[in-house]
Amino acid sequence: MFTGIIETLGIIKDLKKDNNNLNITVFSSITHELKIDQSVAHNGVCLTVIAINNGEYTVTAIKETIEKTNLADWKVGDLLNLERAMKLGDRLDGHIVQGHVDQTGICKSIEEANGSWYFTFEYDSNLNNITIEKGSITINGVSLTVVNSKEKEFSVAIIPYTFEHTNFKNVNIGTTINLEFDVVGKYVARLYSLRQ
C-alpha cells in the first residue's frame with residue numbers, strides 16, 4: 001500500500017526487453033535505502049526491486065503492466081515519481097493507494113490559475129471507472145483531489161510544491177498518464193454497473 005505522497009524523483013537510466021517483460025533501471029537518491037524484493041511505486045505502478053548496483057536499482061514490469069499503464073512510453077532520461085510502500089503506524093497524508101494502475105488517461109488542457117495550475121484529463125469511461133467530486137485520484141502516483149468531475153474527464157489543481165517535486169512539470173497537453181481511481185469510487189462504480 002502507498003499514500004500517493006511522492007518521496008523523490010528517479011531518472012530512467014536503462015530499459016531492456018526480456019521476452020515480454022521490461023527491465024527498468026533507475027537512478028535515485030533513495031537507492032541506498034532499498035532492498036531486493038522491496039515494492040516501489042513508479043509513476044503509480046508498484047514494481048519490485050530485483051537488483052541494486054552503484055546508486056541504481058532495477059525493477060521488472062510484466063506484459064499486463066506494460067499494456068495497462070504508460071510504461072510503453074517511458075524513455076531513458078525520463079523522470080519518475082517514486083514512493084516506497086507505507087509502514088504500519090505512519091500517517092496517511094494522501095489516501096490509500098494500491099499501486100495497481102486501473103488505466104491511462106490523456107492530458108486535455110492546462111490552465112494557469114494565479115500561481116497554481118488546473119490540469120484536465122480524459123479517460124475511457126467504458127472501463128467502469130469513475131471520479132467523484134472532491135474525491136481522491138492518483139495520477140502518476142500522486143494523490144490528488146478531483147475537481148470538476150464529469151463523465152470521461154476531470155480536473156485537478158496542482159500547487160507549486162507539487163509541480164516542482166513531481167514530474168507534473170513534464171506533463172503537457174497530449175501526455176499519457178497513469179490513473180488509479182479511489183477505492184471508494186471503484187466500489188460505487190461496481191455497484192452501479194451491477195444495477196444496470
Side-chain angles (χ1 to χ4, degrees), residues 1-18 21-62 65-66 68-102 104-105 107 110 115-117 119 121 136-145 156-172 175-180 182:
M1 292 295 220
F2 303 91
T3 67
I5 303 300
I6 302 306
E7 282 188 74
T8 190
L9 292 167
I11 301 170
I12 298 177
K13 294 307 229 176
D14 193 33
L15 296 165
K16 278 203 176 105
K17 286 287 280 174
D18 180 13
N21 300 332
L22 181 65
N23 291 327
I24 305 143
T25 300
V26 178
F27 173 81
S28 167
S29 62
I30 61 170
T31 300
H32 67 284
E33 299 176 37
L34 299 179
K35 295 182 272 190
I36 304 292
D37 288 337
Q38 190 168 7
S39 295
V40 178
H42 301 74
N43 280 2
V45 182
C46 178
L47 298 169
T48 303
V49 176
I50 62 164
I52 300 170
N53 188 23
N54 293 329
E56 298 176 352
Y57 67 92
T58 302
V59 292
T60 301
I62 62 172
T65 303
I66 296 165
K68 272 194 158 176
T69 68
N70 67 1
L71 261 156
D73 297 337
W74 291 6
K75 301 177 297 305
V76 170
D78 281 356
L79 287 178
L80 299 175
N81 294 325
L82 301 179
E83 180 190 359
R84 289 175 284 180
M86 64 187 234
K87 297 180 203 170
L88 282 175
D90 276 357
R91 287 185 182 90
L92 185 60
D93 292 323
H95 71 282
I96 295 173
V97 176
Q98 297 177 299
H100 303 155
V101 172
D102 294 305
T104 58
C107 183
I110 303 167
S116 294
W117 299 265
F119 284 74
F121 297 96
S136 296
I137 187 80
T138 307
I139 300 173
N140 279 352
V142 182
S143 173
L144 297 162
T145 300
V156 292
I158 302 298
I159 62 172
Y161 182 90
T162 304
F163 190 83
E164 286 303 316
H165 290 87
T166 69
N167 64 11
F168 259 94
K169 58 182 152 277
N170 295 338
V171 174
N172 299 303
T175 298
T176 300
I177 46 88
N178 292 323
L179 293 172
E180 181 180 329
D182 186 26

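We number each residue from 1, following the sequence as shown.
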| Can you tell me if T162 uses its side chain to pair, donor with acceptor, with the backbone of I158 under 3.5 Å? |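 No; zero donor-acceptor contacts below 3.5 Å.
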
| request: Check for a donor-acceptor pair, side chain of Q38 on one end and backbone N or O of K35 on the other, with a separation under 3.5 Å. | output: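 Here the side-chain-to-backbone pair exists.
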
| query | Taking only residues two or more places apart in sequence or in another chain, which ones pass salt bridge (charged side-chain N to carboxylate O under 4.0 Å, His left out) with K169? | reply |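 Listed in chain order: nothing, the list is empty.
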
| said: Could you work out, with salt bridge (charged side-chain N to carboxylate O under 4.0 Å, His left out) as the rule, every residue matching K75, not counting sequence neighbours? | reply: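 In terms of salt bridge (charged side-chain N to carboxylate O under 4.0 Å, His left out), with neighbours along the sequence ignored, K75 is linked to D78.
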
| Would I11 and V26 count as a side-chain contact (heavy atoms from CB on, under 4.5 Å) if you check the C-alpha gap in whole Å, the side-chain angles of each, and the deciding distance to 0.1 Å? | CA-CA 5 Å; I11 301 170; V26 178; 5.9 Å; no

[X] versus [Y]: any side-chain heavy-atom pair under 4.5 Å?
| X | Y | value |
| --- | --- | --- |
| F168 | I177 | no |
| I52 | T31 | yes |
| I12 | L80 | yes |
| T48 | V59 | no |
| N140 | N167 | yes |

| Between K16 and D14, is the closest basic N to carboxylate O distance under 4.0 Å? |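 Looking at D14 and K16, the cut-off is met.
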
What are the two closest heavy atoms between [X] and [Y], and how far apart are they?
| X | Y | answer |
| --- | --- | --- |
| I30 | E7 | CG2-OE1, 4.4 Å |
| T8 | S28 | CG2-OG, 3.7 Å |
| I66 | A61 | CD1-O, 3.9 Å |
| L79 | L9 | CD1-CD1, 4.2 Å |
| V101 | K68 | CG1-O, 3.8 Å |

Working to the nearest 0.5 Å, report the span between [atom1] of [X] and [atom2] of [Y].
| X | Y | atom1 | atom2 | result |
| --- | --- | --- | --- | --- |
| M1 | S39 | CE | OG | 12.0 Å |
| D182 | L179 | CG | CG | 12.5 Å |
| I139 | E180 | CD1 | CD | 12.0 Å |

| Would you say K17 has more than 12 foreign heavy atoms packed within less than 6.0 Å of its NZ? |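 Check passes, neighbour count above 12.
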
| query | Is N54 atom CG crowded by more than 12 heavy atoms from other residues, nucleotides or ligands, each under 6.0 Å away? | reply |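 Atom CG in N54 is not crowded, with 12 or fewer foreign heavy atoms closer than 6.0 Å.
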
With [X] via side chain to side chain contact (heavy atoms under 4.5 Å, CB included) - residues at least two apart:
| X | value |
| --- | --- |
| S116 | I159, P160 |
| V40 | L34, H42, V49, Y57, L82, R84 |
| I110 | C107, W117, F119, I173 |
| I6 | N81, V142, T166 |

| message | As a quick check of understanding, evaluate side-chain contact (heavy atoms from CB on, under 4.5 Å) for I50 and T58, giving each step before the final call. | response | CA-CA 6 Å; I50 62 164; T58 302; 4.0 Å; yes

| request: Decide side-chain contact (heavy atoms from CB on, under 4.5 Å) for T145 and V156; before the verdict, give the C-alpha distance in whole Å, the side-chain angles of both, and the deciding distance to 0.1 Å. | output: CA-CA 6 Å; T145 300; V156 292; over 6 Å; no

| task | Applying side-chain contact (heavy atoms from CB on, under 4.5 Å), run through N170 and T175 and close with a yes or a no. | result | CA-CA 9 Å; N170 295 338; T175 298; over 6 Å; no

| Passing option when L15 is tested against N23, L71, T25, I24 for side chain to side chain contact (heavy atoms under 4.5 Å, CB included) |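 That would be I24; it is the only one of N23, L71, T25, I24 passing the side chain to side chain contact (heavy atoms under 4.5 Å, CB included) with L15.
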
| Distance only, no hydrogens: is a donor on one side chain within 3.5 Å (strictly under) of an acceptor on the other, for N70 and N43? |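 No, because no side-chain N or O of N70 sits under 3.5 Å from a partner of the opposite role on N43.
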
